[in-house]
Number of protein chains: 2
Amino acid sequence: MHLKSKYKKLLNNALEAGGQRSTKQREHIFALLLEKRDHPTADEIFARARSGMSTISLATVYNCLETLVETKLIRQVNFEREPTRYCPNLTQHAHFYCRESGDIVDIELPEKVLSELMQVLPKGFSAQHIEIAYDGKCNDCHDAVN
Amino acid sequence: MHLKSKYKKLLNNALEAGGQRSTKQREHIFALLLEKRDHPTADEIFARARSGMSTISLATVYNCLETLVETKLIRQVNFEREPTRYCPNLTQHAHFYCRESGDIVDIELPEKVLSELMQVLPKGFSAQHIEIAYDGKCNDCHDAVN
DNA sequence: GTATTAATTAGAATAATTCTAAATATTTCG
DNA sequence: CGAAATATTTAGAATTATTCTAATTAATAC
């Protein structure tokens, strides 16, 4: 697995813009997040990172993830107090958490719904972000029962 | 501070329905959550609980909160990986988290917006709950700047 | 009122994350 | 290019919210 030059450039530009350095570890972490977009936790990312870079440490995984979040190349996803997950999908989207399989699925949100959510706010309030998390049963798990 | 008999009855009925016992500690915790609805953390609840019940333990606070959540008298509120907060407002509502003051404000959600959010889900998905969290600047903090 | 069962308690354990300080890598600039 | 400056990585310790454990105490049933 190696970063397509498009993403490599994206990463390096973003790092440079923030006065940060391009490193093997950051590329590796970013690449594997793009490769398998299943909202892994830091532990899962650490496990994946080690195959291909056996000497990487957990602290580095946390450091790289923090950097990628700061540079807005990925975002954090939280469900209750479960371990934080990481997501390279930067479009405004919600998450669906399936209670049965534990899978997390991105849900795209139409502009219209978002603007209605903004309008619901009382006067004087301004939001810079809305976090929306569904939980229930996903398509695969509905099928599986039948 | 003591529970109005209305809430006392609510609490005791809910506990009884779940085969659980009515205790001084559970009443105390429930009362203080109803009294000051500012979404306190377990630590804050522990501090408040001690004034008026100096021997209560943190473990009991956690136990009571868990029981109240199970019996659906309160709900948990989470922002990212911050300590869990507790909320006795059981209507379907969202939370607004002010980055400036740290205050959390309940936002009531019209049925229409909720049903639109449900309709956004792909075919085969069913949600039993939607968690919505805004973050930004609340009314008080906008005023304060001027 | 005693037996039964559940709840409370203090403190230990756990788990995710952050911190620390030393070693290493990257960049800068002469 | 090669040394100096600075950022990053690393291993392990520290932190923090929460859960667990086992003994004590309280509530309910008979």
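All chains are named by letter (A, B, ...) in the order of the sequence lines, taking the proteins before the strands, and each is independently numbered beginning at 1.
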Roughly, in whole Å, what's the span from CG in B:Leu65 to P in D:dA17? 15 Å
Min side-chain heavy-atom separation B:Cys87-B:His93 under 4.5 Å: yes
Nearest-nucleotide 5' precedence on DNA chain D, B:Ser22 against B:Glu82: B:Glu82
Looking at B:Arg48 and B:Glu35, is there a salt bridge between them, counting it only when a charged N and a carboxylate O are closer than 4.0 Å? no
Give a yes/no on whether any side-chain N or O of B:Thr84 is located under 4.0 angstrom from OP1 or OP2 of D:dT18. yes
Which side-chain hydrogen bond (donor to acceptor under 3.5 Å, both in side chains) pairs, counting each pair once, include a residue from residues 52-62 of chain A, with sequence neighbours left out? A:Ser57-A:Thr60
Phosphate-side-chain proximity, B:Thr23 and C:dA6, N/O vs OP1/OP2 below 4.0 Å: no
Quick one: B:Ile29 CD1 to C:dT8 P, roughly how many Å, whole number? 9 Å
Between D:dA26 atom P and B:Lys24 atom NZ, what is the distance in whole Å? 6 Å
Any B:Gln25 side-chain N or O less than 4.0 Å from OP1/OP2 of C:dT9: yes
Check every strand shown and say whether A:Thr67 touches a base, only sugar-phosphate, or nothing at a heavy-atom separation below 4.0 Å. nothing
Please work out whether the ring planes of B:Phe30 and B:Tyr7 are parallel, tilted or perpendicular, with thresholds of 30° and 60°. perpendicular
Could you tell me the separation between the CZ atom of A:Phe46 and the C1' atom of C:dT18, rounded to a whole number of Å? 15 Å
Salt bridge (Lys or Arg N to Asp or Glu O under 4.0 Å) with A:Arg50: which residues, sequence neighbours excluded? none
Send over the distance from B:Leu15 CG to D:dT28 P, rounded to a whole Å. 10 Å
Is A:Tyr62 close enough to C:dT18 that one of its side-chain N or O atoms is under 4.0 Å from OP1 or OP2 there? no
Can you tell which of D:dA11, D:dT18, C:dA10 lies closest to the side chain of A:Ser57? D:dA11
Could you state the atom-to-atom distance from CD1 of B:Ile56 to P of D:dT25 in whole Å? 17 Å
Can a side chain N or O of A:Thr60 be found less than 4.0 Å away from OP1 or OP2 on D:dT10? yes
Integer-rounded Å distance: D:dA7 C1' and A:Glu66 CD: 14 Å
For B:Gln20 and B:Pro83, take the nucleotide of DNA chain D holding the closest heavy atom to each; which residue's nucleotide lies nearer the 5' end? B:Pro83
Base of D:dT6, side chain of A:Arg21 - is there a donor-acceptor contact under 3.5 Å? yes
Do any side-chain nitrogens or oxygens of A:Arg81 fall under 4.0 Å of OP1 or OP2 in D:dT18? yes
May I have the distance from A:Arg50 (atom CZ) to D:dT10 (atom C1'), rounded to whole angstrom? 13 Å
